Amino acid sequence: MTRTLDPELRNALAERVRYCHEMGIYDFYRRETSLPPFTEAVAPANVSVSESGLREEMAARKSAVVLNVDEDKIFSSQPEHGVADPAAALKLIREDLGDCTRCKLHKGRTKIVFGVGDPRAELMFVGEGPGADEDAQGEPFVGRAGQLLNNMIKAMGLRREDVYIANIVKCRPPGNRQPERDECETCSPFLMRQIAAIKPKVMVALGATAAKNLLALNAPMTELRGRWYDFKPVGSDPSWEGARLAVTYHPAFLLRDPRQKGEAWKDLQMVMKYLGIVPPKKAAE
Ligand code: SF4
């Protein structure tokens, strides 16, 4: 039987949809899944659905978040719109970012950490935000966690220059705290534009903060890892089918808990299989 949602649930759904819209997510579709239901809903506001139907929708939608295309509405006014060369497009995005003061993170930063790597990379890693070393050098993942990420990339048979690396926020949060929601919401549109310019085949979200911001999902790492998500920023090239996105542990977490390196390697193997990468013999053994 169809009935109106109770006000509390309706408000929660409306808030979730508002958040998704701010993240650039305007559409959702349903995909069959065998995963267990998640605990948080993503559904259009002001809907009336049956309670059992809602639960089914919640479970399915949680597993199928897609940044859908709404061509020519969001990105058409951006300077890189229509620029086919990814390097040139990234340059225009960097220029547009400028000496950014759009969120409060600009107050404590030394350098903006825009991103680094091959503008035509098939593989893109996205972390949380710069740390002290990155803030000083203006490049992502150059500290201890960066060394580990380099080793992970090398174990895949790739070089750091073969991939593109960026973060959800481009300025260092004070004391290496997690970036706050308003900071992520303000900064991530630039990341979306970078992704749209690079058009990677595969993205790897490093850690829960990156995954939750990219996917607008609030789930533990155990549920986020080990599967693929479809990912396509709003307004990106309609001829690009979008990226597949996998989630793995942040290298800083792996430094704290090296026992999880085997799990991270499984995630990277999933990526390598999809990209047709054969690991060097030593890594494969
Ligand atoms: Fe600008 Fe992003 Fe830095 Fe905030 S974190 S000041 S939005 S570049």
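When a ligand or atom number is given, it counts from 1 through the structure's own listing order. We number each residue from 1, following the sequence as shown. A quick note: this is a predicted structure, and the numbers were derived from the prediction, not measured.
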**Message:** One thing to verify: whether Asp133 and Arg172 come together as a salt bridge, which I'm taking to mean a side-chain N less than 4.0 angstrom from a carboxylate O.
**Reply:**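 Looking at Asp133 together with Arg172, the answer is no, because their closest N to O distance does not fall below 4.0 Å.
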
Check your understanding: After noting the C-alpha distance and the side-chain angles of Asp267 and Arg225, does the key distance pass the salt bridge (charged side-chain N to carboxylate O under 4.0 Å, His left out) rule?
Key -> CA-CA 7 Å; Asp267 300 329; Arg225 287 181 51 248; 2.7 Å; yes

Problem set entry | Subset of ligand 1 atoms that lie under 4.0 Å from at least one heavy atom of Arg109 |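 It comes down to these atoms of ligand 1: 3 (Fe), 6 (S).
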
Only one of Gln194, Glu134, His106, Glu183 forms a side chain to side chain donor-acceptor pair (under 3.5 Å) with Lys170, so which one is it?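 Among Gln194, Glu134, His106, Glu183, the one that satisfies the side chain to side chain donor-acceptor pair (under 3.5 Å) with Lys170 is Gln194.
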
(Q) side chain to side chain contact (heavy atoms under 4.5 Å, CB included) for Met203 and Leu214? Distances and angles first, verdict last. (A) CA-CA 10 Å; Met203 295 169 57; Leu214 288 168; 4.2 Å; yes

Report yes if some heavy atom in the side chain of Tyr229 is under 4.5 Å from a heavy atom in the side chain of Val247; otherwise report no.
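Yes, close enough: below the 4.5 Å cut-off.
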
Around atom 4 (Fe) of ligand 1, what protein N, O or S atoms are found below 2.8 Å?
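The answer, once waters are left aside, is Cys103 SG.
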
Tyr274 six-ring centre to Arg244 NZ/CZ under 6.0 Å and within 45° of normal
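Flagged: Arg244 positioned over aromatic ring of Tyr274.
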
